[in-house]
Amino acid sequence: MLSYRSLVAAGLLLIAAVPPLAWWWEASLVRHMLMQIPMLVLAGFLLGTLVAPSPDLGVREERAGGIAAVLLATFCVTFWMIPRWLDAAVASHRVDAIKIMTLVLLAGLPLAWGWPRLGPVARGFVWVQAISMAIVLGLLYLTFPNRLCNSYLVNEQAILGIAMLGIAGFLGLAGAVPVLFGANNGSPAPRHPGARVDP
Amino acid sequence: MVAENPRVFTIDEAGRRIVAANLVVAGAVLLAMMLLGLTMRLGQSGWLEVPPARFYQIMTVHGTGMIGIAALGGITVMWYFLSQYVRLSTHILTANLLLFLIGVVIILTADFIGGFAAGWTILFPLPTHGAVWPAEAAFWHLLGLMLVGAGLLLVALDFGRALIARYGSLGRSHGWPQLFGLSNDPLPPPTVIAGTMVTIVTTLTVIGGASIMVPMMINALNPAFTINPLLAKNVIYFFGHSLANVTIYMAVVVIYELLPLFAGRPYKASRIFVAGWTGSTIMVLIIFPHHLFMDFAMPQWASGMAQVLSFTNSFPAMLVTGFGALALVHRSGIQWSLVSGLLFLSLFGWLAGIVPAVIDATIVVNSVMHNTLWVPGHFHFYMLLGVIPMILAFMLYLTRDRLGRSPEKDSDMWALIVYLGAGLGFVLVFLYSGRHSVPRRWAVHWPEWMVYDRFASVFAALVILAAAFFIVRFLIGLRHFLSGR
Ligand code: HEM
Ligand SMILES: [Cu+2]
């Protein structure tokens with residue numbers, strides 16, 4: 001189990017981050033944003049699941065730490081979604097190396113540590129946030145008439161925009177189906193101070 | 001006295017405090033926004049000098065603030081009653097109030113000091129190209145809205161979490177297995193079904209709102225980023241229509257929960273009730289194109305669909321509520337009191353207010369009525385006479401009329417009559433002016449229109465007096481509620 005996950009992570013890193021292949025991903029906006037970056041985050045995530053201790057949800061600090069970790073991951077991914085930095089990563093190998101390292105270590109890894117520590121409301125909040133982020137990016141890429149990145153062409157922007165909207169739709173469905181049709185049986189009515197006292 | 005078996009609602013001390021705080025804020029903001037509304041009417045009637053730039057700022061604050069407190073009050077009503085069935089978090093309700101207050105301060109600053117005045121509908125590209133106000137004002141106004149939305153989202157997610165913990169899924173707490181004959185278990189209570197709908201609609205609304213406001217905020221900072229205006233309009237009305245409507249679905253549970261106290265019978269869900277709410281859950285989310293009939297670039301199927309659905313949209317939940325309420329009180333020897341009176345007033349306002357709304361959602365009528373005072377006429381009908389009385393009824397129930405047993409003073413009944421009479425007068429003047437093609441959103445009116453405006457001003461002043469009376473009554477009784485008796 002342990003070696004299986006680390007093998008997958010290593011494989012992903014090899015495919016996504018090692019030069020000739022890395023340049024191939026980065027040669028296209030869609031491949032760069034929607035394939036290379038997710039692979040890097042996923043690799044970090046898998047590594048994270050190997051090193052993160054299992055959470056003790058009774059402890060408040062654990063939950064707060066979870067929120068902080070997921071926030072860090074969000075900021076890191078958001079940063080690399082900014083066209084200016086995407087451009088920079090294409091233009092300079094040094095920036096690209098930083099991109100690869102931060103996406104693995106500051107996005108994927110903290111995500112694996114933080115996500116299991118989030119309560120259901122915080123998870124829902126992150127999920128909803130991710131959906132609207134994808135819609136926002138989709139709208140921007142679809143309707144922005146000029147080139148956003150120096151390195152990529154306008155027609156690729158439109159494809160990326162549609163793909164982003166597709167991702168938003170997928171995230172929406174993936175969230176909605178278990179929430180609406182989940183199979184757990186629930187629990188009996190609560191007995192707490194706010195509970196109804198039936199006559 | 002018929003209510004032999006009054007159901008007792010319980011709430012712990014932390015819950016009492018945050019519910020009370022929410023209602024105090026809602027009451028205070030309601031009165032302030034009403035006074036701003038009166039100021040607009042006085043300005044239009046020529047009785048008060050309101051410079052146009054100031055008028056539009058007031059209009060923006062009034063519309064935004066009113067929808068905001070309808071949501072705050074509504075979600076508090078929902079929270080209180082839903083917490084009788086599932087375990088909800090007081091921390092989250094507190095976070096919501098804080099986000100609301102911070103958002104309000106930002107919005108007030110952006111509008112009254114920054115000068116933002118693009119209306120509550122923030123239709124692109126006006127907010128960021130207002131010319132009269134700087135684009136940063138738009139940025140801050142939108143940020144304030146996002147904070148208010150984030151608060152609502154947190155509460156909705158907490159509802160969702162609690163409903164799933166108790167019922168297993170939102171489909172089950174909506175009563176779907178029973179609706180489709182997959183289960184013979186007893187249906188969830190009406191409040192749980194309504195709470196499920198509110199959870200779903202609020203979450204989707206906030207997603208829509210954030211998805212369009214963030215690009216607009218980017219546009220405010222960097223005009224090179226533009227958005228397709230028609231697309232923006234679609235998303236904005238998806239958000240605006242759904243948000244304004246969901247406030248009713250939040251507050252309406254006060255009828256399901258309190259009317260039985262006065263009638264002495266329980267309000268039970270049925271399969272028809274579930275079907276009605278399911279219909280409304282779906283339709284409230286897809287009929288927003290009725291705001292876009294005048295946009296020739298919209299595909300015709302969208303307009304056609306919106307027209308058909310607008311006829312049917314509000315009916316399901318409204319009819320099951322209306323008939324349910326009538327069946328409940330029929331020959332029950334209902335106890336009349338301020339609270340039950342307000343409940344009936346709100347039911348009337350909701351049912352009757354839909355009629356002018358549906359008329360306006362008819363394409364041929366809309367070509368004439370669009371952007372006349374008919375439009376504020378219809379939504380003030382079900383807001384001023386529907387949602388707000390629901391929230392007021394809840395406030396008064398909590399603080400003085402717990403079981404509907406206390407005898408009413410004459411002054412109470414007078415306040416009720418004034419609120420109904422003047423409120424009706426106020427909205428009818430809007431509708432009448434609209435029928436005579438008086439445009440909405442004009443700071444300065446022709447002298448021919450001022451007669452209407454003056455009548456409306458008098459009615460508005462009377463409504464405000466009655467509302468102030470209710471809110472003062474609520475504040476006086478607050479200590480009683482907080483002490484937990
Ligand atoms: C005493 C009570 C009230 C008065 C005097 C009042 C007055 C007004 C006036 C004069 C306008 C502008 C009409 C125009 O376009 O010329 C307006 C708009 C509006 N009002 Fe009210 N109103 C009251 C209560 C409410 C309530 C209870 C709500 C909702 C809960 C509400 C929500 C709105 C909204 C959303 C707008 C549209 C703003 C816009 O066009 O951007 N109002 N009101
Ligand atoms: Cu609408």
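Lettering of chains follows the sequences in order, A, B, ..., and the numbering in each one begins at 1.
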Can you tell which part of Leu153(B) gets under 4.5 Å to a heavy atom of chain A, answering side chain, backbone, both or neither? side chain
Cut-off 4.5 Å, heavy atoms of chain A, and the answer for Leu204(B) is neither
Can you list every pair that meets salt bridge (Lys or Arg N to Asp or Glu O under 4.0 Å) and has a residue in residues 70-92 of chain A, with sequence neighbours left out? none
Given a strict heavy-atom distance threshold of 4.5 Å, which part of Ala156(B) is in contact with chain A: side chain, backbone, both, or neither? neither
Just give me the residue among Arg161(B), His174(B), Glu13(B) that pairs up with chain A most often, heavy atom to heavy atom, under 4.5 Å. Arg161(B)
What residues of residues 127-141 of chain A make heavy-atom contacts with chain B at a cutoff under 4.5 angstrom? Val128(A), Ile131(A), Ser132(A), Ile135(A), Val136(A), Leu139(A), Leu140(A)
Should the heavy atoms of other residues, nucleotides or ligands under 6.0 Å from CG of Asn222(B) be counted, would the total exceed 12? yes
Is it the case that over 12 heavy atoms from other parts of the model lie below 6.0 angstrom from the CZ atom of Phe180(B)? yes
Between Leu157(B) and Phe125(A), what is the shortest heavy-atom contact and its length? CD1-N, 3.3 Å
Using heavy-atom distances under 4.5 Å, tell me whether Ile200(B) contacts chain A through its side chain, its backbone, both, or neither. side chain
Which of Gly15(B), Ala224(B), Gly160(B) touches chain A most, by non-hydrogen pairs under 4.5 Å: Ala224(B)
